[in-house]
Amino acid sequence: MVIQSSQQPASGASSYPDPMIDGHFGSYGGQFVPETLMPALGELVAAFGEARSDPEFTRKLADFERTYSGRPTPVHYARRLTERLGGAQVYLKREDLAHTGAHKINNALGQGLLAQHMGKKRIIAETGAGQHGVAAATVCAMLGLQCIVYMGEGDIRRQALNVFRMKLMGAEVRPVYSGTATLKDAKNEAIRDWVTNVNDTYYMIGSALGPHPYPIMVRHFQSVIGIEARTQMLESTGKLPDTVIACVGGGSNAIGIFYPFIGDADVQLIGVEAAGAGVATDKHCATLVAGSPGVLHGTRSYLLHDADGQVMETHSISAGLDYPGVGPEHSFLKDSGRATYVAIDDRTAVGALHLLSETEGIIPALESAHAIAYAAELAPSLSRSHAVLVNVSGRGDKDMETVSRELGLTLGIDADAGGRR
Amino acid sequence: MSAAVTLRNGLDERLQATRANGDMALVMYLTAGFPDADSTLRWGPLLAQNGASIIELGIPFSDPLGDGPTIQRSSQAALDAGMTLRGSLDLATAIHADVDAPVVLMSYCNPLFRMGVKEFATAAALAGVTGVIVPDLPIEESSELATALAAAGIHLIFLLSPASTEERIRRTAEIASGFIYCMALTGVTGARANLSEGLPDFLARVRACTDVPLIVGFGVSKPEHIKRLSAHADGAVVASALVDLVERTPVDARDAAISAFVRELHASCSGS
């Protein structure tokens, strides 16, 4: 199979914005950062622009994707899940099988190589659940780069396992106590570090957000998911999928699988946000479903903020979706109608984690379980000829403690955690 | 030169006067509503009476990514005490009515955009505000707000950094009005013991491109700093050092401590 890392949307998307021209996706995106960072962003735009059209860089990235990350990841036909749902055929893109157990490695690898190419030796990153932190620490260890990960103090307590993984790989994990001590505050702190150490530091953002060029750069490195999946679906079914479903926090796995299908007008794209305790409550992070445009962390996009423009506290059982903003390209896709966005609550996501575990022997991350849950709601109403492709963005090992707690069980004591059906 | 240069208000008059006297303009910063609205209302006039040339009122925001720990804390405390953008504009109105010193606002983008830039510009003009500083709004993203503010007779104050390229300094100088906020360092706000060695060089690079007043902030915390800057700039902003002073002073001694600090800073501003 050919892995192509440089791509444009297929024909039919000629009006699609190209942020390499002015940094915007329609009215979204941009560079809302302190002046001190503007020259560094200019450098990054130039370096990324060169790298993505440099065959040598592209070849090096593709080699690492194959030999280090384990790409291509397979597409699996979920036969028992399909039978259980009794409607559309469900296919799973297995990003959970990539090195470190999630799609985050794709972006960390691409940006790590770019940082090395730019001669930067000090890498900073922010993390919520710790998946991007682990991916950053992994790539930095492999490339011999210094790695500092900012992480909210609250998240450090909740995600002790990932903190330990990062430290094992030589990263320094810096606790963030300010604000709500979660992902958004870790991002604030990483940006403060970058402003202070802008000369020698590379800021490795983990999702398709932040100031230009990050959204387009992260999309570029994550698009390998959709490029592979598009070819794999054609090979195994002889046609494109009718529907592509992915979970959306910041939106990197979703834009990675959506983007190569944007020009395929018949392919329906659905992003699934986290409804937490319900979008009618104040405990959710369904930014596109329930938010309105605003500016956070350098980009204009949909945002969960109050009437005074203060950013709201969010909630999801899945730490990786628990963020009040979203990538600007998703805001553009929502307004243009090319993609639609829905929300799944905590309880339904946990149910989907069980469903996929029992029917397919695949334990998805709680983030990915949101996408599975929506596929499970949608599939029964569709015909057998309809193919739904779901991105399993990560594996669920990291979530076992959260899920057992949700069920009122204690790991190691209650042996009947599974087999509830 | 752009049309913005023709905009004139009380801020220009004040800066022209300090420059004519050979004095440094002293910009003193308060976080609106820290620790409460009454304190801000009392301290605005107190700053002016003791020698502040300009009052900078900071609008608290949940995610102040350009600020160090001091202003992060004061912003969060102000938000916890219920301060809002509208509340801050009310404070600006009251302070403006009470003192000669022009009032400028500092706000991150989101509260302004949430209100709507036109509605904000109109409300700020009604409050007597003369300039607005937006630390996360580079020139590339500024035209919408700059246009709305100019229509309301208010300067959008641009910032430059020691990291700014010659080209960015030139482009900023072309559209700057009121003053240019020159950051003394690459980093976040917060009092520092020393000014950086390269600062005079940076200010000379900006000065070579424009006659617009240059006011230096970030890390400026002592009379010695202001004295050192007087050969290179038109004024200085003291922000975190004042907030630090408030935090470490018992409640009933704060007014006196603030007055003494501002008098001391003001004494270092005199060119004669």
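Keep in mind that the numbers below use all heavy atoms, side chains included, and drop hydrogens, waters and symmetry copies. Proteins come first, then strands; the chains are lettered A, B, ... in the order of their sequence lines, and each starts at number 1.
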Considering only heavy atoms and a distance below 4.5 Å, find which of [options] pairs most often with chain A.
options                           : answer
L159(B), L79(B), T84(B), V188(B)  : T84(B)
D67(B), L137(B), T165(B), L185(B) : D67(B)
Q76(B), Q72(B), R73(B)            : Q72(B)
G68(B), P135(B), C109(B), P138(B) : P138(B)

Using heavy-atom distances under 4.5 Å, tell me whether [X] contacts chain A through its side chain, its backbone, both, or neither.
X       : value
P60(B)  : backbone
M183(B) : side chain
F61(B)  : both

Ring geometry between Y341(A) and H330(A) (parallel below 30°, tilted from 30 to 60°, perpendicular above 60°)
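Judged by the thresholds at 30° and 60°, the geometry between H330(A) and Y341(A) is perpendicular.
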Determine, using ring centers only, whether F48(A) and H220(A) are less than 6.0 Å apart.
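Ring-ring flag for H220(A)/F48(A): true, centres closer than 6.0 Å.
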As an exercise: rank V295(A), V198(A), N197(A), T180(A) by heavy-atom pairs under 4.5 Å with chain B and give me the winner.
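Ranked by contacts with chain B, first place is V295(A).
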For the interface with chain B, which of N199(A), D22(A), L296(A), V311(A) has the highest count of heavy-atom pairs at distances below 4.5 Å?
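When all of N199(A), D22(A), L296(A), V311(A) are compared, V311(A) has the most.
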Please look at [X] and chain B and tell me whether the side chain, the backbone, both or neither of the residue comes under 4.5 angstrom of a heavy atom of that chain.
X       : answer
D306(A) : backbone
H305(A) : both
L37(A)  : neither

Is K187(A) positioned over the aromatic face of Y323(A), cation under 6.0 angstrom from the ring centre and no more than 45 degrees off axis?
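Because its charged atom sits under 6.0 Å from the ring centre and within 45° of the axis, K187(A) does stack over Y323(A).
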Decide whether E141(B) and H24(A) meet the rule of one side-chain donor and one side-chain acceptor closer than 3.5 Å.
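H24(A) and E141(B) do have a side-chain donor-acceptor pair below 3.5 Å.
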Verdict with reasoning, Y16(A) to F332(A), per ring pair (Phe, Tyr, Trp, His ring centres under 6.0 Å)
CA-CA 10 Å; Y16(A) 203 78; F332(A) 173 81; 5.5 Å; yes
Ionic contact status for R174(A) with E189(A), cut-off 4.0 Å
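Salt bridge absent between E189(A) and R174(A).
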Electrostatic pair K184(A):D63(B) at N-O distance under 4.0 angstrom:
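Salt bridge: yes.
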Looking at E313(A), I'd like to know if its CD atom is crowded, meaning that more than 12 non-hydrogen atoms belonging to other residues, nucleotides or ligands lie closer than 6.0 Å.
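Counting neighbours around CD of E313(A), 12 or fewer heavy atoms of other residues, nucleotides or ligands fall under 6.0 Å, so no.
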